[in-house]
Every structure is written in structure tokens, then in C-alpha cells.
Amino acid sequence: MRSATIKELLSSKNLLQEITIKGWVRTFRSNRFIALNDGSTLNTIQCVVDFENFDEELLKKVNTGAALKITGTLVESQGKGQSVEIQVSALEVLGIADPEEYPIQPKKHSLEFLREKAHLRIRTNTFAAIMRVRSTLSFAIHNYFRENGFNYFHAPIITGSDAEGAGEMFRVTTLDEKNPPLTEDGAVDYKQDFFGKETNLTVSGQLEAEAYAMALGKVYTFGPTFRAENSNTSRHLAEFWMIEPEMAFFDLDANMDLAEDFIKNVISYTLTHCQEDLEFLEKRLLDEEKSKPQAQRSDMPLIEKLKFVVDNNFKRVSYTEAIDILKNCKPNKKKQFKYPIEEWGTDLQSEHERYLVEKHFNCPVILFDYPAKIKAFYMRLNEDGKTVRAMDILFPGIGEIVGGSQREERLDILKEKIKELGIDEKELWWYLDLRKFGTAEHSGFGLGFERLVLFATGMGNIRDVIPFPRTPQNAEF
Ligand code: ATP
Ligand code: MG
Ligand code: MG
Ligand code: MG
């Protein structure tokens, strides 16, 4: 048994106690000082070995990356920066790490290199810090919803409806490749994918969450979602986690209020509970920034940026107002937007979103009331007949972090919309039932968890904030 984590020992006042710890070697200096880490904290504990008392062959195995069991006495540290250290009395090498082969040696590794070692990169301080922040954020999310009267609902991963996913879905199939069922024209009948029914991996749990909200009031899902995005951006994954609250009797304003309060709350929780890791990530970023030209440097250190989000109101701007701003602005001294805004009704590109957030308003922005034509079928039509009660939350350095809306609760209007889009009503029979039986105003949103982790850690690429990223051709681990 291990008596305590390194995190606990480092703040322990119980000097002279005999303890046993297990962990991995970060460094072994002068055949005397082992820096041991066990993942409980960013820090290592110094374990002092009197090498005269230990077998030479044994000490040769104490290399970076090796797993050790150490027994010793906790004493006051002679070294700087740490209050305690361990005077080692017994040492066992549980697992060696050959220095010729172990890739995570104590030197600076590029993030690209580490992506190829996704199973070992977590042993670096950077990735351990990111993943502890990620873990803390997930608990903060569950806490927030629990404290605010939500029920945690588990949306299915395999779904039968593809109304939402237009072209972005992964098919789930049980078809016998050698002897597949055929359509009348002799083609493979994918409609029979799942023992006779067409099925896909979910792109969002929203439609199902609506059913649950219309019975339990306030619900949320927090699970993996899948999109067959064949693109390589720093913001998109093929498998990502989404947080999707759905609330009965909420209009769009209440939805925006909740989303803003939610984001502030979980970031604030993380500021309190991950101080050490955030300080480390901030310092790492500052070092990185030094090598960049002045103009590309971020104007705010990480922690200040997080505090700014917690302490300031998000700017709420209608799509129409945003278009006016974008039509009349000069995004850059030299060039126009790559896609200049020609008219009301066009979808915004990330360059437009970034301009609004990073140049014009300089704070998180909630854009709302989008043209119906560029948004999904289920969004609540406004009285003007051409905009819908949709909202996107845009974050500095990230772009879209949330997409949400008030849902269309009126059966006739929803049916009309479905028909217009050529969707088969039969596929959505159960969704339409929700409007037939006890329909009411309701709203919700989807927040991409990895985009939130990106923001909270200051990292630049979404591949670095999820344990084993799934991007095109990247599913080795
Ligand atoms: P984007 O415009 O960035 O492609 P989207 O509008 O397609 O996003 P939504 O369908 O609105 O995305 O999904 C809700 C949220 O899920 C987004 O606001 C974003 O935070 C996140 N998200 C969407 N697609 C991805 C993806 N491929 N990888 C990671 N997160 C994603
Ligand atoms: Mg998308
Ligand atoms: Mg979008
Ligand atoms: Mg969206």
C-alpha cells in the first residue's frame, strides 16, 4: 500500500514519519537525488539516496521514466523551494525505462512530437497539467448542474435519426460485408445497417434531451459525440465531448443567461481548484510567446484572461447588428476579409467571428437571432418570419464555443419546416409527438468540452486537450 500521494506529502507537517511511495522518476542527479512524480501534483518530491548504501547495479536502473517504490523518512528539505524530502531507506525498481528507448527524456519536446506519443505524453508536466484541468472542469460541470436542479440524462450513442447530421455522421453497421442485403437496384442497402435499421453515431444528444426536458424540466447530457469531419483544423475533432443542457419553460434570454452563468461558474471553479497547474501553463505560454513577433503575442496572461471572463458580462449582439458592423469595418489595414460580407443572410465565417470578438468587442460575444435559412430546422421562428431564436457564444482565441437555441414548440410550424427541407416526417415521429402532447417553450445549448478546455488551458490545438484525439487518419491509439 502507498501511504500518501506526493501532493499530500509535500504539504505534510508530520516530519520523521516512515512512509512508502510509488511513482515515476523524472530525474536522477549526482547518483543521489531522485525527483519522483506520481501524477497527484505537478511537483516532484526529492528522494535522497546515500548511494554508498545501495547496490550500484540497482541505482543504474533508476532512470527517467522508471517506476519506483520508495520507503524512507520524511524530513525537512535542505534544498531550496521545497519544504520536505525523503531520506530513502529502501528502494525497489518496479519497472525500468531504458534511456536509449524511453522518449520522454527531461528536455523540451515539441507538441507535434508528443502527439505521436499520446500514450506517454501525459508524463510531461504540460500534459499532466492539461489533463488535471480537464478533469477538474468535468467535475465543475456536473457540480454546477446538480446545484442548479438539473437531472443528468444519458443520450444514446447509436441513433436512428440523421435529421441533424447531414453528411457528417459515422455509420454504425452490422452488415455482413461478404453477403450484404441489397436494394432493388442491387446496391448495398445501408438502410439495414443495424440488424435492419439505418443507424449512426450521434452528432448531438439534443433531440433526445428535449424529450427528457419535457418531462424532467431541466436536464443535461455530457458525453461523446461524433462528426465525420474530414478537415484538419485546430478546433475540430471527429470525436469530442459535448455538454448539452435542455430546459423546459426557458426562452432564449433565459437560455443565454444560463449559458453565461454556467461558463463563468466552471471557469471560476477551475481557477480556485487548479491554481498550480494554471500557473504552470501560464508560464509555459509566456515562454512560448517570447519567441513570437510582438504583434502576435497575447495581450493578457492566461489567468488574467480567465478572470476577465468570470468578471465581465458577455456582449449580446443580434446577427443583424453584427452584419452591420462587419459590412462597415476595416478588419485589417491591408486586406479585406477573405469572404467579404455582401448581404444580410450569409453565414459568418470564423474570420468574421474572430473580428467581432477579438477586435471589435474584445470580450466574449453572444450572437443571437440568426437568419432561419442558415440554422437548423428545430429552432424557434421569430415573429418576423425570417430569423430564429438561435445563439452562438464566441470566445477570444477560440471562436464558437456554444451553439444553442430556443426550440420550435409549435407543431404546425415545425411540420412545415421539416417539409420545406425535404425531411421525412416519419423519421421524426417521436420528436413531433413532443409537440403534440403537452408542448411548451423550451431551450438548450451545446458546448464543446474540448473548446472549453482549450480556453481554460490556453493551448492552441484541440488535439492537445483530449487524451487520444480522433482526427482524419488518426486513430492509432
Ligand atoms: P463549428 O462552426 O465550429 O464547426 P458547429 O456549429 O458545427 O461548430 P454545433 O453543431 O453548433 O457545432 O455544436 C455545438 C458545439 O460543439 C460547438 O459550438 C462547438 O463548441 C462544439 N463542436 C462542434 N463541432 C466540433 C468538433 N468537430 N470538434 C470539437 N468540438 C466541436
Ligand atoms: Mg461544424
Ligand atoms: Mg458553427
Ligand atoms: Mg454551431
Side-chain angles (χ1 to χ4, degrees), residues 134 137 141 155 159 162-170 200-207 209 220-246 252 255-256 259-260 262-263 266 314 319 322 339 346-354 356-357 364-379 388-407 443-457 459-472 474-475:
R134 184 182 164 108
L137 268 171
I141 287 162
T159 60
D162 73 344
E164 250 232 289
E168 278 192 347
M169 295 191 117
F170 285 102
N200 299 289
L201 291 181
T202 184
V203 294
S204 151
Q206 179 205 313
L207 303 190
Y220 73 104
T221 81
F222 181 8
T225 51
F226 306 86
R227 295 193 188 177
E229 320 241 20
N230 194 4
S231 60
N232 271 298
T233 82
S234 57
R235 300 286 177 268
H236 291 90
L237 292 160
E239 176 182 299
F240 65 98
W241 287 64
M242 188 144 56
I243 299 124
E244 295 177 277
E246 189 72 34
L252 187 70
N255 195 17
M256 293 195 277
E260 182 170 343
F262 165 74
I263 293 175
V266 297
F314 297 5
Y319 168 89
Y339 302 100
T346 45
D347 205 356
L348 300 182
Q349 305 292 325
S350 63
E351 56 173 344
H352 307 127
E353 297 178 341
R354 295 190 79 137
L356 290 171
V357 176
V365 171
I366 311 186
L367 280 185
F368 63 92
D369 283 356
Y370 281 76
K373 286 218 160 55
I374 57 171
K375 286 289 181 187
F377 75 93
Y378 49 72
M379 297 187 180
V388 285
R389 305 243 74 195
M391 61 119 169
D392 274 11
I393 303 186
L394 313 175
F395 256 51
I398 305 288
E400 178 183 335
I401 191 163
V402 164
S405 65
Q406 185 178 324
R407 323 303 188 188
S443 298
F445 61 86
L447 180 143
F449 184 48
E450 283 72 24
R451 299 222 180 144
L452 181 66
V453 185
L454 264 182
F455 182 74
T457 56
M459 297 302 289
N461 193 314
I462 201 160
R463 290 166 182 76
D464 298 329
V465 299
I466 188 164
F468 295 96
R470 297 287 174 259
T471 50
N474 189 357

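By convention here, the first residue in the shown sequence is residue 1. In each ligand, atom 1 is the first atom listed, and ligand 1 is the first ligand listed.
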(request) Indicate yes or no: does an N/O atom of Leu447 lie under 3.5 Å from an N/O atom of ligand 1? (result) no

(message) Looking only at the side chains, is there a donor atom on one of Asn232 and Arg463 sitting less than 3.5 Å from an acceptor on the other?
(response) yes

(request) Tell me the protein N, O or S atoms under 2.8 Å from the Mg ion (ligand 3), in chain and number order. (result) Glu400 OE1

(message) So is Ile462 touching ligand 1 or not, going by heavy atoms under 4.0 Å?
(response) yes

(request) Check each heavy atom of Glu229 against ligand 1 and say whether those closer than 4.0 Å belong to the side chain, the backbone, both or neither. (result) side chain

(request) Identify, with sequence neighbours excluded, every residue that meets ring-ring contact (aromatic ring centres under 6.0 Å, His included) alongside Phe240. (result) none

(request) Using ring-ring contact (aromatic ring centres under 6.0 Å, His included) as the criterion, list what pairs up with Phe445, not counting sequence neighbours. (result) none

(message) One residue to check: Asp392. Relative to ligand 1, which of side chain, backbone, both or neither has a non-hydrogen atom less than 4.0 Å away?
(response) neither

(request) For the residue pair Met379 and Tyr370, establish whether any side-chain heavy-atom pair is separated by less than 4.5 Å. (result) no

(request) For Gly446, take its heavy atoms, then give the atoms of ligand 1 lying under 4.0 Å from any of them. (result) 14 (C), 15 (C)

(request) Report yes if some N/O of Leu237 lies less than 3.5 Å from some N/O of ligand 1; otherwise report no. (result) yes

(message) I'd like to know if the side chain of Arg451 reaches the main chain of Ile398, judged simply by a donor and an acceptor atom lying under 3.5 Å from each other, with no hydrogens or angles considered.
(response) no

(request) Could you list the atoms of ligand 1 found under 4.0 angstrom from a heavy atom of Arg235? (result) 28 (N), 29 (C)

(request) Tell me, please, which residues at least two apart from Arg134 pass salt bridge (charged side-chain N to carboxylate O under 4.0 Å, His left out). (result) Glu450

(request) Please confirm whether Met242 comes within less than 3.5 Å of ligand 1 when only nitrogen or oxygen atoms on both sides are compared. (result) no

